[in-house]
Structure formats: structure tokens, C-alpha cells
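Have a look at the structure below before the remarks.
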Amino acid sequence: MKTVIELINEEVKKAFKEKGYDEKYGAVTLSNRPDLCQYQCNGALAAAKQYKMPPIKIAEEIVEILKENSIFKNISAIMPGFINMTLNEEFFANYLNQMRLDESFGYEKEKHPQTIVIDYGGPNIAKPLHVGHMRSAVIGESLKRILRFSGHKVIGDAHLGDWGTQMGLVIAGLKMRKPDLVYFDENYQGEYPKEAPFTLSELEEIYPAASELSKENPEFREEAKHITYLLQNGHRGYTAIWMHMLDVSVSDLKRIYEILNVSFDLWKKESDAQPYIADMVNYLKENNYARISEGALVVDVKEETDTKEYPPCMILKSDGATLYDTTDLATIVERMKLFDPDRIIYITDKRQELYFERIFRCARKTKLVKEDTILNFIGFGTMNGKGGKPFKTRDGGVMRLEVLIKNVTDEVYNKIMENRNMDEDEAREVASKVGIAALKYGDLSNQVSKDYIFDVDRFTSFEGDTGPYILYTIVRIKSILAKYNELRKDEKMDPVINPATSPVENDLMLQITKFNEVVKSATEEMAPHKICQFIFDLANAFNSFYHETKIIAEEDANKQNSWITLITLVLDILLLCIDLLGFEAPERM
Ligand code: ARG
């Protein structure tokens with residue numbers, strides 16, 4: 001369906017043309033004074049300059065024509081030359097009835113769908129997930145759903161970090177603790193045990209300890225580097241340990257992502273790019289894209305107009321070892337080969353922006369991607385604690401994601417137990433859904449690139465611009481519908497929405513019609529916060545309507561049927577939107 005703005009645009013542009021003006025002046029926007037009108041056109045002000053006429057004259061001419069048009073309830077020319085418009089109630093009712101019957105609620109799917117790979121999550125083997133990974137996962141999951149709803153073919157890839165020096169560090173750390181393990185016996189020829197030689201918590205202990213040690217002990221650091229190199233070149237024992245690390249880590253990661261309602265289509269890893277590296281290196285050398293600098297193989301990515309430093313991409317270190325640059329470039333080769341994507345989107349902390357700019361430049365310059373392949377970097381801001389500093393645990397450490405999730409769900413649980421009578425099991429279940437909504441909405445309602453403050457109290461509040469408030473509204477609508485169905489179970493009517501009979505009802509209708517515009521701009525700008533804003537406004541409009549309207553007590557069955565149809569549409573749209581954001585509603589709360 002065309003959006004309401006598009007429909008009004010057509011009418012207003014036609015009028016400008018009819019009066020001999022360029023139709024571009026007929027562009028309409030939502031009103032920035034909703035107390036005066038719903039839509040506005042400021043084109044007469046600009047047209048006045050071109051046609052050397054007083055703007056108000058032009059506005060009046062346009063209004064004269066459009067006054068007869070049945071979609072407008074009110075249209076007027078306002079000094080110095082604004083055109084203010086308010087639409088007819090019938091128009092909204094018709095529009096909503098069409099939305100209701102459309103499976104995407106009137107949203108027009110992409111005419112030229114792209115194949116898109118989204119690289120998000122980016123967890124690292126042997127390191128627990130922390131809040132930075134949460135942002136990537138939460139934002140990526142939502143963008144994946146939004147782009148998919150828009151009609152694109154989207155492939156979400158976790159792109160596990162399993163290939164860098166941290167692997168060598170963990171193996172070196174393990175060797176120090178358990179030097180007698182068969183993996184470290186260079187003469188061992190037999191099969192390695194199926195059982196991992198460590199538990200998850202041991203593994204998570206080894207990495208930070210090894211990382212600390214490597215800072216103060218150069219010998220240990222060298223050993224870890226050497227082990228990394230051997231691992232990347234297929235050392236049997238280290239490969240076996242590394243596979244155990246993958247197993248142990250991945251099953252735990254999957255468990256936590258599931259709690260977060262995040263799911264990847266692919267669990268590819270940095271190491272999966274390894275088989276592409278040798279060919280890529282040859283290709284870069286043969287085509288003279290790469291040069292040797294102090295023994296290392298690099299590709300320059302500087303451009304003349306640069307105002308900051310763009311260090312070259314490092315393809316191979318002087319000892320032949322590969323780096324983060326290498327795997328990312330080889331991963332692009334792999335993705336092009338496996339999926340031939342039109343677009344690849346990376347979602348990480350915005351501190352990696354320069355890094356990805358370099359990678360993108362390199363991939364373009366060396367033609368690892370096609371000329372029209374779009375490479376997007378989406379950098380997110382930091383989640384800060386209440387003091388405005390990056391969020392930390394009480395003792396200053398990095399908070400594990402699992403602990404963070406638990407804190408939020410516990411808070412919701414307490415709120416439920418304080419205010420409602422619900423048995424403990426149900427309250428736990430409800431709290432886990434509401435907690436995830438609180439966390440995700442708290443994150444996604446901010447513009448992605450902005451830092452934001454993590455505030456458990458505010459995020460879990462059932463009032464205000466929060467996930468729980470949205471869910472509460474959903475639950476409220478469900479309960480009205482359940483009551484209605486009980487009341488009228490023997491006298492079902494065909495659903496239809498009638499023109500509004502009160503200003504609050506009209507406002508609610510107006511708000512619903514914005515759905516397709518919002519999804520469109522959320523898709524184009526890759527901005528989930530636009531959906532949050534929309535559902536917050538929608539929930540508010542619904543609640544104002546609800547407080548002024550006695551739906552269940554209404555005796556006029558037609559009126560009641562129309563209201564029920566209307567709030568069913570509100571419910572369906574809210575449910576769709578929270579699904580696009582990546583959370584779910586409980587049955588009650
Ligand atoms: N594992 C990385 C990290 O923890 C994020 C990976 C992002 N994706 C990529 N293709 N480099 O910072």
C-alpha cells in the first residue's frame with residue numbers, strides 16, 4: 001500500500017501542477033504542530049521565490065483546489081504561506097481496513113530484494129560474553145529481522161573469534177597448568193580423548209590469567225605466539241585442544257544467545273577463512289596490490305584526500321603469521337564465493353570503525369568484492385553505568401552478560417511479586433520475557449551510534465518509554481479481547497473499523513497509519529530506534545483511547561465491534577514490531 005504521506009503528496013503535487021507550479025513544491029510532511037493539523041506542506045514558501053509571488057497567495061490557490069477533495073477534513077493556508085491539513089475520519093477508517101487485510105499491514109516489500117550477510121555477535125572462544133557483545137547481538141538481531149521483513153534475503157553470521165592470539169594464550173596457559181596432557185607430547189601418535197581436558201569455568205579462568213601473564217612475562221608471550229602460529233598451520237595436538245575449546249564454548253554461547261532470543265543462521269568462525277588465505281595472498285601479490293614492508297606483506301589503503309592516518313592492511317606478518325585483517329579479508333572472499341551477497345553489514349563497537357574502513361577500502365581496491373557490493377559498517381556506542389562511565393561490575397571488572405541478564409530479570413521478578421499475585425513459577429517465566437524486553441528495548445530505543453546509560457530501575461519500569469510498558473499494553477489489549485470473546489461468544493460480527501467518533505480514537509487511528517512509513521525509514525536507515533519510538537507513541541495513543549472509552553460496557557454492538565477490530569489491529573502491529581525488535585510478550589504480567 002502507498003503510505004499516507006505518499007497519498008497526500010499525490011494530491012498536493014497535482015494541485016501545484018494544475019496551478020502551473022513545479023510539482024516538487026507539493027511535498028508533504030507530518031505536522032510539527034499536531035495541535036493544529038496532522039500534515040503540512042511548506043512548498044509555497046519556496047515556490048514564492050521562484051515565481052516571485054507572495055507565498056500566501058500560492059498557498060491559497062492550492063487550498064482552493066484541494067478544499068473539494070474528500071480526503072481532507074480541513075485544509076487551510078496560514079501566514080506566511082503554510083498549508084495545514086487534517087484528514088477525514090473516513091479516510092483513516094478506509095486506510096486501516098485495508099491495512100488490516102494485508103498480511104504485512106500495508107508495508108510494501110522491497111521491489112529489488114538484496115542478499116545481505118549480517119556479521120554480528122562476534123563472540124570469542126574461551127572468553128565469556130560481555131556487554132559489548134550484547135549490543136552487537138541485540139542490534140544485529142533486530143536489523144536482521146527488519147531487513148528480512150522488508151523482503152531482503154538475510155543471512156546472519158555469528159563470526160566467532162577463534163583464530164587470534166587469544167587461542168595461543170589459552171593453550172599456553174593450559175600447558176602451564178597441565179603439562180602432562182597428551183596433547184603436549186610431541187611424540188604422541190594415537191587418538192586424542194573425546195572428553196575436553198577442561199570445564200567451561202576452567203577455560204574462562206585460563207584466558208584472563210594467561211593474558212595477564214603474557215603482559216609481564218615475555219617468554220610466555222613468545223610461546224603463546226608460537227603456539228598460535230603452529231595452530232594456524234595445523235599442529236595436531238593444538239588443533240585437538242582448540243576443537244575442545246570450540247565445543248565447550250559454543251554450546252555455552254548458544255545457551256546464552258537463546259536466552260537473549262538471538263539466533264544466527266550461520267556459526268561461521270574466523271578460522272573458516274583459513275583455506276582462502278593462501279590463494280588470496282597469491283592473488284594480491286600477482287596483481288601487485290600488495291607490497292613488502294619490513295618483511296610483512298601489506299596493502300596500502302591511504303587516499304589523497306584523507307585527513308587522518310589510514311595504516312596499510314597487514315596481510316602477513318614477517319614470520320608468515322596471519323592477523324585480524326587477514327581473516328576479515330579472507331572472510332569476504334569466502335562470503336562472496338558462498339553467498340554472492342549484494343551487501344555485507346558489520347556490527348561492532350564504533351571503536352572498530354577505522355579498522356573496517358581500512359578493510360573495506362582494501363577489499364574494493366583489490367576487487368575482492370564486486371563494484372556494486374555494498375559494505376556497511378554500523379558502529380554502536382558504549383553502554384555506560386549510571387555515572388556515565390563504561391558499565392562495570394562493583395569491583396571494576398567487566399560484567400558478564402549472563403550476570404547482567406540475571407540482574408535485570410531478578411529486578412522484574414521482584415516488581416511482579418511486590419505488586420501482583422502470581423505464583424512463583426509463572427512470575428519467573430514472565431520475568432524472563434519481560435526482563436529481555438527491558439534490556440533490549442533499553443538498548444534499541446537509543447540511536448545505535450550513541451552511548452547510553454544502563455539503568456535497571458528505569459529499564460524495568462512498567463511506565464514510560466520502556467519495554468515492560470509496551471508489553472503491559474499488549475497484555476492489556478489481550479485481556480480486553482479475551483473478555484469480549486467471552487461476552488460475545490455467540491454473536492460474532494464481521495470485523496470492520498468505522499470512522500472515529502472521538503479525538504482520542506482519531507489520534508489512535510492516525511498513529512497506526514504511520515506503520516509503513518516507519519518500517520520503511522527504519523529499514524533504509526538501519527535504525528531500530530524508529531520502531532521503538534513508533535510503538536511507544538502507539539502504546540500511548542492506545543492507552544489514552546482506552547482510558548476514555550468503555551469498550552466492554554458499550555451497548556451499541558456495531559460501535560463495539562469497530563473498537564474491537566481497531567484494538568486487534570493495534571495488538572497485531574505491536575506484536576509484529578516487538579518481533580522485529582527481537583522480544584516476546586507474556587500472556588499476562
Ligand atoms: N570477535 C570480535 C570482537 O570481539 C568481533 C568480530 C566482528 N566481526 C568481524 N568480522 N571482525 O571484537
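Every number for a ligand or one of its atoms is a count from 1 in the order of the listing. In what follows, every heavy atom counts, from backbone to side chain, and hydrogens, waters and symmetry copies are set aside.
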Could you tell me whether D451 and K350 have a side-chain N and a carboxylate O separated by less than 4.0 Å? yes

The closest protein heavy-atom partner of atom 8 (N) of ligand 1 is D119 OD1, 3.1 Å

ask   = Going by an N to O cut-off under 4.0 Å, is there a salt bridge joining K225 and E222?
value = yes

If we number the atoms of ligand 1 from 1 as shown, the ones under 4.0 Å from a heavy atom of T348 are 7 (C)

Check this for me, if you would: do K317 and D319 make a salt bridge, where the nitrogen-to-carboxylate-oxygen distance has to be below 4.0 angstrom? no

With heavy atoms and a 4.0 Å threshold, my read on which part of F356 contacts ligand 1 is side chain

Atom 12 (O) of ligand 1 sits nearest the protein heavy atom Q352 NE2, 3.1 Å

Examine ligand 1 and decide if any of its atoms is less than 4.0 Å from a heavy atom belonging to K127.
-> no

Are any of the side-chain nitrogens in R358 or E353 under 4.0 Å away from the carboxylate oxygens of its partner? no

Is the NZ or CZ atom of K109 both under 6.0 Å from the centre of the six-membered ring of F149 and within 45° of that ring's axis?
yes

Atom 4 (O) of ligand 1: closest protein heavy atom, distance to 0.1 Å, is N124 ND2, 2.9 Å

* Asked: In terms of side-chain geometry, is the basic nitrogen of K153 or D265 positioned less than 4.0 Å from the acidic oxygen of its partner?
  -> no

Based purely on interatomic distance, does Y355 place a nitrogen or oxygen under 3.5 Å from a nitrogen or oxygen of ligand 1? no

Short version for D328: what comes under 4.0 Å of ligand 1, heavy atoms counted, is side chain

For atom 6 (C) of ligand 1, the closest protein heavy atom turns out to be Y324 OH, 3.4 Å

For Y346, the ligand 1 atoms with a heavy-atom partner under 4.0 Å come out as 10 (N)

- Task: Answer yes or no: is there an ion pair linking D157 with R335, defined by an N-O contact shorter than 4.0 Å?
- Result: yes

